Amino acid sequence: MFLVDTLIFVAAILLLFGVFSSKFSVRVGVPFLLVFLVVGMLAGSEGIGGIQFENYAIAHAIATVALAMILYDGGLRTSTRSFRVAWKPALSLATIGVFLTAIITGVAASMLLDLPLPVGLLLGAIIGSTDAAAVFSVLRSQGLHLREKIASTLEIESGANDPMAIFMTIGVIEYILGGVESADQLLVLLLQQGGIGAVAGYLIGRAGSYVVNRVNLSAAGLYPILIAAVGFLAYGLAAVLGGSGFLAVY
C-alpha cells in the first residue's frame with residue numbers, strides 16, 4: 001500500500017469526525033472551528049492519535065491555501081453595501097486596532113512569561129489579528145443578530161487585517177535577526193503589503209467578474225473551477241509582486 005493511500009484514509013476519518021462533531025458544537029454553543037482544533041490536537045503527537053508531523057513547509061502551504069479559500073469565500077459573501085457602511089471603522093480596527101493589540105499583548109507576554117521584549121512583541125504580533133475563519137463561522141452559523149454596521153465591521157476587519165499582522169510579524173522577526181534597522185523600512189513594508197495587495201485584488205476581481213459573466217464554457221462544472229482560479233490568481237499575483245495575497249484574495 002502506498003503512503004498516499006494511508007494519508008487519504010486517515011484524512012477522511014479526521015474530516016468525518018470533525019464534520020459530525022459539529023452537531024455537538026451546535027448543541028453546546030461552541031464554535032465549529034474550535035471542535036476541529038480539538039480534533040487536530042487529539043490526533044497529533046501529544047494526543048491519543050500520536051500522529052507525528054513536523055514538516056513545517058507543507059503545513060505552511062496547506063494553511064496558506066486554506067486561509068486564502070476562506071478569505072475568498074468571505075469576500076464573495078460580503079456585499080458592496082457592507083463596505084460602504086463599515087469601511088472606516090473596519091480599516092481602523094484592521095490597522096490601529098491590530099497594532100495596539102499586538103503591542104499590549106507583547107508587553108504583557110514579556111512581563112508574565114519572562115521573555116525578552118522583542119520575543120514578546122513577536123508573540124503579540126502573531127496573535128494580534130482577528131481570525132477570519134472564526135468570525136465568518138460565528139456570524140453565519142450561530143444565529144447571531146447584530147446591527148448591520150457592527151456585523152459588517154467585524155466581517156470586513158477580519159478579512160482585511162492580515163497585512164498589518166503579517167507586517168508586524170515579519171518586521172519583528174527582521175528586527176530580531178538584524179535585517180531591519182529603521183522604522184522607515186518597516187513603513188515601506190506595510191505600504192508595499194497593503195498597496196500591492198489592494199490594487200492586485202481590485203484589478204483581478206474586476207477582470208475576473210467580467211470574464212465569468214461573459215464566457216460561455218462547455219460544461220457548467222467548469223465555472224466553480226474558473227471562479228476559484230480567479231481567486232488564486234489574485235493571491236498569487238499580489239504575493240509574487242511582494243504584496244499581501246490574503247488582502248488581494250479577500
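Just so you know, these numbers come straight off a predicted model, no measurement behind them.
- Distance alone, capped at 3.5 Å, is enough to place a donor-acceptor pair between the Thr95 side chain and the Leu91 backbone.
- To the nearest 0.5 Å, atoms CD (Gln193) and CZ (Phe246) are separated by 10.0 Å.
- Taking both residues in full, the closest heavy atoms of Val249 and Tyr235 are given as CB-CB, 4.2 Å, listed atom of the first, atom of the second, then distance.
- A heavy-atom distance below 4.5 Å is not found between the side chains of Leu93 and Val98.
- A donor-acceptor contact shorter than 3.5 Å links the side chain of Asn213 to the backbone of Ser209.
- Met168 and Ile96 fall within the same hydrophobic cluster, defined by Ile, Leu, Val, Met, Phe, Trp and Tyr side-chain heavy atoms under 4.5 Å apart, directly or through other members.
- One finds the CD1 atom of Ile227 at 11.0 Å from the CG atom of Leu222 (value rounded to the nearest 0.5 Å).
- In terms of heavy-atom proximity, Phe53 sits nearest to Ala59 at CE2-CB, 3.8 Å.
- Across Trp87 and Arg84, no two heavy atoms sit closer than the pair CD1-O, 3.8 Å.
- A donor-acceptor contact shorter than 3.5 Å links the side chain of Ser110 to the backbone of Leu115.
- Contact annotation: the side chain of Leu123 never approaches that of Val119 to less than 4.5 Å [non-hydrogen atoms, C-beta and beyond].
- Ile204 CD1 to Leu233 CG: the interatomic distance, rounded to the nearest 0.5 Å, is 4.0 Å.
- Between Ile156 and Phe83, the shortest heavy-atom distance links the atoms CD1-CA, 3.7 Å.
- In the hydrophobic cluster analysis, where Ile, Leu, Val, Met, Phe, Trp and Tyr join through side-chain heavy atoms closer than 4.5 angstrom, Val215 is grouped together with Ile225.
- The neighbour count for Phe9 CZ, taken as heavy atoms of other residues, nucleotides or ligands under 6.0 Å away, does not exceed 12.
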